[in-house]
S.K.: 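Take this structure first; my questions come after.
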Amino acid sequence: MADRTIQGGDGIRTFPFPVELSVGGVGMQVGPMGTGRTWPADAPLERVHRIDFHVVLLFGEGPVRHMVDFTEYEAAAGDLLWIRPGQVHRFSRTSEYRGTVLTMQPGFLPRATVEATGLYRYDLPPLLRPDAAQLTGLRNALGQLRREYEDTATLPLSLHTAVLQHSLTAFLLRLAHLAASSAESVRQQSDSTFTLFREAVEKDFATNHSVSAYADALGYSRRTLVRAVRAATGDTPKAFIDKRVVLEAKRLLAHTDLPIGRVGAAVGFPDAANFSKFFHQHTDLTPAAFRAELR
């Protein structure tokens, strides 16, 4: 597993989906929380790291404290924590994690399901607190998914995988509804224009900060892109891009010892002075001051 860990130039370790721990080698896992079962045994749980897959934690006990992108969340029994690919997070040194964990490899579900379930809604809060009825539905759906996952004898692998995808979709649709209502969101998230823009930004934000360039690459007019992004997020496309760049810069400043000039270069600013000016405009702090506050 350690050989597959990505140690990029930003200094933050990224752990890939542990296929070798998945029953039957399918692109998902579900089971009790704990290393060696549904999590890489050598993952630095108590140090900040990234993952390239989805994780949903349904807590059976609490409180549990868990950091996701500069925010400490405290979860109680019955709460869920949804961590998405690329987010920097850290397990608590003092909390005991009890409950069920679901992990899912990107690409395991088709695009239509990805859009319907909001898998890449980074604007939604990771911590979800279902009411009693919602929790019952989520537990039942997750329990059914786990039973299907562990039953490798009834169906051939192709059908087993198809059943898992349908069962996983049923759970994620419930989870997505909870996430949207938790954020008091009433907007439809199936808008393909915004979905494609969001995916393009996630892929290219370190090298492309131009709204027009994204619009051209996606085949939309700038006006169409502005309408779609504003409807989905309330922000302009430029603000959406800038927030993503600032988040990545904060991650690197807080969790690595990279020189500030290299942090700037990693998020698309070859000139350190321009990076410092950009960062100050969006945070009211210089990069050095931001780093000093956290150390």
Side-chain angles (χ1 to χ4, degrees), residues 5-16 44 47-52 67-71 83-90 106 120-123 126 193-230 232-295:
T5 302
I6 302 169
Q7 181 82 41
D10 63 13
I12 302 176
R13 297 178 73 186
T14 299
F15 284 79
R47 299 180 60 185
V48 294
H49 61 284
R50 303 180 201 257
I51 49 177
D52 73 355
M67 186 277 284
V68 182
D69 275 337
F70 304 99
T71 300
I83 305 166
R84 290 169 168 83
Q87 291 188 304
V88 171
H89 73 121
R90 178 184 62 223
Y120 294 93
R121 286 291 309 280
Y122 288 91
D123 56 307
T193 302
F194 173 66
T195 298
L196 292 172
F197 171 72
R198 181 182 60 219
E199 291 176 353
V201 171
E202 189 62 27
K203 178 176 178 288
D204 296 330
F205 70 86
T207 56
N208 182 6
H209 302 167
S210 167
V211 175
S212 295
Y214 282 108
D216 291 344
L218 295 172
Y220 297 117
S221 69
R222 186 184 178 100
R223 179 176 297 179
T224 296
L225 196 59
V226 168
R227 283 200 302 265
V229 176
R230 193 180 294 279
T233 69
D235 279 331
T236 65
K238 180 59 176 170
F240 185 90
I241 297 166
D242 287 350
K243 285 181 178 179
R244 184 63 184 89
V245 173
V246 169
L247 173 60
E248 196 69 17
K250 285 182 174 180
R251 288 171 172 173
L252 300 180
L253 290 168
H255 303 311
T256 77
D257 294 318
L258 288 176
I260 288 172
R262 286 189 60 190
V263 172
V267 294
F269 289 89
D271 183 85
N274 286 340
F275 168 63
S276 294
K277 181 179 179 181
F278 169 85
F279 191 85
H280 187 271
Q281 286 176 339
H282 289 276
T283 66
D284 291 327
L285 291 170
T286 65
F290 175 80
R291 173 173 274 173
E293 279 194 351
L294 299 177
R295 300 190 175 185

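Hydrogens, waters and symmetry mates are skipped; everything else that's a heavy atom, side chains included, is used. Residue indices begin at 1 and follow the sequence shown.
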S.K.: Starting at OH of Tyr120, measure out to OG1 of Thr195 and round the result to the nearest 0.5 Å.
M.R.: 12.0 Å
S.K.: Using modelled atom types only, decide if a donor and an acceptor are shared between the side chain of His49 and the backbone of Arg47 within a distance under 3.5 Å.
M.R.: yes
S.K.: Measure the CD1-CG distance between Ile260 and Leu252 for me, rounded to the nearest 0.5 Å.
M.R.: 12.0 Å
S.K.: Between Ala266 and Ala206, what is the shortest heavy-atom contact and its length?
M.R.: O-CB, 3.3 Å
S.K.: Rounded to the nearest 0.5 Å, how far apart are OG1 of Thr233 and CZ of Phe197?
M.R.: 8.5 Å
S.K.: Between Arg244 (side chain) and Val201 (backbone), is there a donor-acceptor pair under 3.5 Å?
M.R.: no
S.K.: For Phe290 and Lys250, work out which heavy atoms get closest and say how close.
M.R.: CZ-CG, 3.5 Å
S.K.: Could you pull out the closest heavy-atom pair between Thr286 and His280, with the gap in Å?
M.R.: N-CD2, 3.9 Å
S.K.: Backbone N or O of Asp204 within a donor-acceptor pair of the Thr207 side chain at under 3.5 Å?
M.R.: yes
S.K.: Please tell me if the side chains of Phe278 and Val246 come closer than 4.5 Å, counting only heavy atoms from C-beta onward.
M.R.: yes
S.K.: Check whether any side-chain heavy atom of Thr193 sits under 4.5 Å from a side-chain heavy atom of Leu225, and report yes or no.
M.R.: yes
S.K.: Please check: side-chain N/O of Tyr122 versus main-chain N/O of Pro85, any donor-acceptor pairing under 3.5 Å?
M.R.: yes
S.K.: Measuring from Asp242:CG to Thr236:OG1, what's the distance to the nearest 0.5 Å?
M.R.: 7.5 Å
S.K.: Output yes when Glu248 and Arg50 qualify as a salt bridge under the 4.0 Å nitrogen-oxygen rule, no when they do not.
M.R.: yes
S.K.: Are the aromatic ring centres of Phe279 and Phe269 under 6.0 angstrom apart?
M.R.: no
S.K.: Please give me the minimum heavy-atom distance between Thr256 and Ile12, naming the atom from each residue.
M.R.: CG2-CG1, 3.6 Å
S.K.: How many angstroms lie between CD in Glu293 and OG1 in Thr283, if you round to the nearest 0.5 Å?
M.R.: 9.0 Å
S.K.: Is there a side chain to side chain contact (heavy atoms under 4.5 Å, CB included) between Met67 and Val48 once you walk through the steps?
M.R.: CA-CA 9 Å; Met67 186 277 284; Val48 294; 3.4 Å; yes
S.K.: At their closest point, which heavy atom of Val68 faces which heavy atom of Ile83, and how far apart are they?
M.R.: CG2-CG1, 4.3 Å
S.K.: Could you walk me through whether Gln281 and Lys277 pass side chain to side chain contact (heavy atoms under 4.5 Å, CB included), step by step?
M.R.: CA-CA 6 Å; Gln281 286 176 339; Lys277 181 179 179 181; 3.7 Å; yes
S.K.: If we only count heavy atoms from C-beta on, is the Ile51 to His89 side-chain gap below 4.5 Å?
M.R.: yes
S.K.: Looking at side-chain heavy atoms only, is the closest gap between Val88 and Phe70 below 4.5 Å?
M.R.: no
S.K.: Using every non-hydrogen atom in the two residues, find where Val211 and Ile241 come nearest and quote the distance to one decimal.
M.R.: CG2-CD1, 4.0 Å
S.K.: Where the side chain of His209 meets the backbone of Val267, is there a donor-acceptor pair that is under 3.5 Å apart?
M.R.: yes
S.K.: Can you establish whether the number of heavy atoms outside Lys238 located under 6.0 Å from its atom NZ is more than 12?
M.R.: yes
S.K.: Would you give the length of the straight line joining atom CG of Asp69 to atom CZ of Arg84, rounded to the nearest 0.5 angstrom?
M.R.: 11.5 Å
S.K.: I want to know whether Tyr214 and Phe240 have ring centres closer than 6.0 Å.
M.R.: no
